[in-house]
Amino acid sequence: MDRKDGLPAYTDVAGHPPAWRQGRVRRSRVLRFAVLACLAFIAFAQWKQISVPKPTLSTAQTTVHGLSVKRLEDDLAICAKLRSRPTNPIGLGRDRNARYLDGHAPTLIKNASVWVGEPVEGTSAEDARKGKGYSWIPADVYLEYGLIKRVESAIAMSSVSADTLTFDAKGRPLTTGIIDMHSHAGANSLPDLFGWEDTNEVSGDITPYVRSIDGIQPGDHQLQVIKSGGVTTSLILPGSANNMGGEAYVIKHAIGKPDGRNETSAADMLADPDRNWRFMKMACGENPKRVYGRFEHGPSSRMGESWEFRHAFETAASLVRRQDDWCDAAAAFGVQNVKEYLPQELKWESLSALLRGQVHLNTHCYTIPDLEAFVDHTNEFKFIVRAFHHAHQTYLVPEILKRAYGGDPPASALFADNMWYKAEAYIASEYAGKILYDNGLTPIYVSDNPVLNAQHVLFEAAKGYRYGLPYHAALASVTTAPAERLGFAERLGKVKPGFDADVVVWDSDPLSVGATPVQVWIDGTAQFEDPVELQKPAVEFIVPDESLATIVEEPTLMDNVIFTGVSTLLVAHSKQESSPHDKPYNVVLSGGKITCIGLCTAELQVASAAKTPVIGLKNGYLSESITAFGATVGLNAIDYETSGDNGDDGEVFSRGEDGLQLDSKKLHIGYRYGVTKAISAPKFNGGGTHHGTSVGFLTGSTTQIEKGAVFASDAALHYTLDLSARATETTFSAAIGHLRRKLLDAAALSQAPNDTYSETSFLYKVVQGTLALVITVHSADTIAALLKVKAAVEDKTGTPIRLAIIGGAESWIVADELAAANVGVVLAPLQSYSMSWDQLRSLTGAPLTNGTAIDKLLDAGVITAIGLQEDHVVHHLALLAGTVYKNGGGKLSEKRAFDLVSTNVYMLLGLKEPNVEEGHFLVYEGSPLEIGSRVKAVGGGRGSVSVF
Ligand SMILES: *[C@@H]1O[C@H](CO)[C@@H](O)[C@H](O)[C@H]1NC(C)=O
Ligand SMILES: *[C@@H]1O[C@H](CO)[C@@H](O)[C@H](O)[C@H]1NC(C)=O
Ligand SMILES: *[C@@H]1O[C@H](CO)[C@@H](O)[C@H](O)[C@H]1NC(C)=O
Ligand SMILES: *[C@@H]1O[C@H](CO)[C@@H](O)[C@H](O)[C@H]1NC(C)=O
């Protein structure tokens with residue numbers, strides 16, 4: 001764990017609840033008994049007084065208290081409902097899935113490799129937890145009536161219904177549909193528009209009574225995009241702006257007639273039409289105080305939030321007590337004898353249902369104080385939390401989770417490595433999943449779509465595996481674990497007879513980089529009519545690598561070291577021996593630099609005499625180091641905190657170099673993952689926007705005054721023309737016109753301006769062709785307009801402008817024009833999913849689209865790189881390059897794919913790369929493009945090499 005954060009050591013404070021809390025419980029019981037006794041007495045007295053006349057019509061309809069008998073009887077029936085405890089919907093024993101619609105033919109999937117989701121029978125619980133008994137089983141899978149009916153080898157056609165559809169899986173992996181336990185899809189439709197955004201009801205801090213289903217838009221295209229990633233089921237939660245956000249719903253991603261449903265409606269999407277369980281979302285910590293702290297009525301602190309929670313729970317608990325007292329009395333003495341109707345309050349109905357154990361609660365809590373306070377609430381009011389979400393710090397306090405009410409510790413719903421964006425996300429670890437699992441707790445990976453694109457929630461699980469979670473537990477984290485937490489353990493998450501027929505056939509091991517569905521079935525119905533299938537080599541199943549569970553967090557610094565077993569070089573080096581020899585290579589490092597690659601016989605002899613450490617690698621790789629371009633690393637530590645951030649410059653032009661904040665947590669961790677160089681520009685107006693000049697710097701530096709810390713003081717000149725341009729310009733057209741005017745004015749200058757740090761001076765360099773102009777833009781229309789601006793200015797100067805695009809969601813539409821104008825593109829994110837209106841025409845990839853933007857750009861010959869859209873991506877930039885490599889149908893070599901996060905950035909900007917000759921290199925075990933690889937050494941151009 002990173003102890004730089006100054007976190008106090010965890011101490012176990014678990015124990016008995018405090019005496020005052022036990023007292024409260026006793027008092028309420030005494031009260032209840034007294035009320036019951038009272039009611040009994042009143043009923044008895046009345047019974048004695050009343051002579052019993054023949055009932056007339058009116059007395060039959062009303063009681064002596066003037067209450068309607070019919071309504072009282074209805075109320076009594078409600079008592080039974082109030083006191084019913086839901087049970088999990090059954091799997092085995094059903095003839096058909098409640099969601100099945102008549103007329104859908106059965107399907108036989110032949111020749112699949114099946115991941116059942118549980119170990120072979122007879123495996124002990126202890127062995128199962130370690131992953132024993134799990135494997136890929138060759139089998140056919142028969143789907144009928146919306147259920148998985150048979151999972152057997154060689155199912156004969158003669159044994160299945162005559163109208164059965166067949167699908168040849170060709171030996172590829174088949175899993176259950178992926179379950180995303182934290183999504184806002186449908187409620188926060190994409191692209192983001194005010195008119196479509198219904199995630200948070202911010203009219204009050206306590207709104208347990210609102211329901212996400214009322215905001216779900218079945219037409220949200222993102223619901224289909226998510227399914228194209230193999231996700232068949234999602235828990236659609238209200239947002240986290242208030243402490244009690246409202247009711248949540250579990251949906252399946254089959255929508256309307258095209259997906260085999262009867263109608264286009266949210267109710268038709270419900271995973272459990274019988275609605276056995278209800279679901280609710282609450283949130284602690286920063287968000288409620290950010291949202292409500294701004295208003296008069298708060299809460300403005302965690303203390304206020306706790307009070308809001310307790311006050312609401314107490315109100316609902318009081319309703320529960322009044323109802324129970326009424327129901328007891330009505331049952332004991334007859335409805336004729338009660339003096340009022342059953343107390344009911346719609347506003348508190350859902351929260352009282354939670355206290356009655358009918359609702360599965362999911363609570364957003366990041367930090368130790370939030371978790372501890374909320375666990376206290378569970379014990380004070382006796383309710384269960386199924387999972388803490390955004391549970392970044394749960395890995396530090398397993399004992400707090402274990403003392404939550406109900407004896408079944410909440411699961412932790414996590415991102416694999418998305419962190420640092422606000423103070424409560426600053427303390428986090430990519431190893432959280434592994435650590436929780438090692439403590440007997442349950443990690444679950446989620447998307448929080450649209451925060452992450454839920455299409456790739458399986459990639460979060462894959463990274464969980466990379467960060468030390470056992471392979472089977474990583475797969476469970478998006479299948480069986482969320483199924484169990486949602487109460488669907490018998491229906492979802494496994495490929496077994498009796499389970500819902502939600503299955504996915506993948507084109508490669510699901511935890512491998514770029515794994516993509518070939519076809520997806522929901523309730524037995526194939527969801528893609530004409531799915532695009534990527535060209536991939538025969539499936540190579542991952543052999544779970546237990547050594548990934550050994551975490552080396554702090555490297556050893558070495559000046560001299562030898563690596564043997566390097567099988568692949570992704571770099572050329574002047575010290576590589578020219579004589580032909582057999583691989584693997586040896587790589588000799590001396591004084592922090594590579595002094596020989598090859599057999600290096602002489603060097604090895606010297607090293608042996610000097611007792612230089614030798615590190616043997618299996619399938620070693622040597623590459624350039626990675627460059628992070630386009631986010632805020634080096635200019636910020638915590639995005640949402642003013643004091644930890646260089647800020648948004650709005651219209652004030654500035655230089656990134658002037659704002660450098662080095663030696664940060666982000667930079668340290670990025671360095672460990674091979675990011676030794678970064679190029680960052682000041683923010684214009686929020687994350688992912690740029691204005692001013694970017695600075696190229698070494699991420700391992702302590703301050704910028706250090707020798708060599710800054711390798712490019714003004715790497716490029718940046719402007720932003722995405723949707724945020726409207727913040728400072730009246731119109732988009734004015735923003736384009738303004739930029740054209742600036743460039744033309746610069747083109748009209750007869751000599752370089754005197755103030756070399758002025759905006760004009762940098763514009764002058766741009767029009768002279770000596771400095772790159774980088775525009776942050778997504779829209780194909782704006783890019784087209786920019787290409788015309790470029791042509792207009794070049795027409796005047798006769799000198800080509802070096803223009804690059806950062807963002808580029810829609811750049812693929814003008815790929816040929818970009819190639820012709822020699823304009824490069826830095827995709828940020830690599831795979832857009834139409835978050836904003838100007839990204840509407842994004843390509844989300846197979847099985848929905850043939851390739852993504854990068855495929856079109858590379859095919860057209862555009863120089864392309866992968867940008868750092870958000871800082872946390874420093875953890876896995878190389879894997880993004882891996883996605884392009886694996887899903888590109890062989891268009892790129894490993895080296896050219898790796899160039900997307902290294903060398904290409906410099907080609908685009910016309911800069912000299914601080915390269916392997918200057919001590920910037922990475923040594924990996926395994927291909928850097930694969931999920932199971934790990935960084936073994938980082939050379940950051942600063943002398944000593946970090947060895948892991
Ligand atoms: C299953 O698919 C694999 C890969 O295509 C193939 O080699 C094998 O022969 C197939 N087996 C059967 C029984 O069709
Ligand atoms: C689906 O639609 C068909 C025909 O429109 C109807 O007969 C059937 O009852 C519907 N099923 C459900 C579950 O609504
Ligand atoms: C820039 O400097 C030159 C010579 O040093 C001087 O002649 C000129 O007036 C200066 N220009 C401006 C705009 O100050
Ligand atoms: C996808 O596009 C590539 C060219 O980029 C083409 O070769 C291939 O045939 C296309 N595949 C499909 C299924 O359309």
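Computed from a predicted model, the values in this text were never measured in an experiment. Just so you know, ligand 1 is whichever comes first in the structure, and atom 1 is the first atom listed for that ligand. Quick note: residue numbers are just sequence positions, from 1.
Ser902 and Thr627 are not linked by any side-chain donor-acceptor pair at a separation below 3.5 angstrom, with hydrogens and angles left out of the test. Checking Ser447 against Asp180 by side-chain atom types alone, a donor-acceptor pair falls below 3.5 Å. In the model, His253 has no side-chain atom that pairs as donor or acceptor with a side-chain atom of Thr233 under 3.5 Å.
Remark: ligand 4 and Lys856 share no N or O pair separated by less than 3.5 Å (distance only, no angle test).
Of all the listed residues (Asp168, Asp140, Val539, Asn111), Asn111 holds the heavy atom that lies closest to atom 6 (C) of ligand 1.
Using bins of under 30°, 30° to 60° and over 60° for the plane-to-plane angle, the ring pair His104/Tyr100 lands in the perpendicular bin. Relative orientation of the Tyr134 and Trp115 rings is parallel, given thresholds of 30° and 60° on the angle between their planes.
For atom 2 (O) of ligand 4, the nearest protein heavy atom lies under 4.0 Å away.
Less than 4.0 angstrom separates some heavy atom of Asn850 from each of these atoms of ligand 4: 1 (C), 2 (O), 3 (C), 8 (C), 10 (C), 11 (N), 12 (C), 14 (O). Per-residue contacts place Lys170 under 4.0 angstrom from the following atoms of ligand 1 (heavy atoms of the residue considered): 2 (O), 3 (C), 4 (C), 5 (O).
Stacking of Lys227 on the aromatic ring of Phe528 is recorded, both the 6.0 Å distance cut-off and the 45° axial limit being met.
Residue contacts with ligand 4 for Asp859 involve side-chain atoms from C-beta outward but no N, CA, C or O (heavy atoms, distance under 4.0 Å).
The shortest contact between atom 13 (C) of ligand 4 and any protein heavy atom is with Val532 CG1, 4.2 Å.
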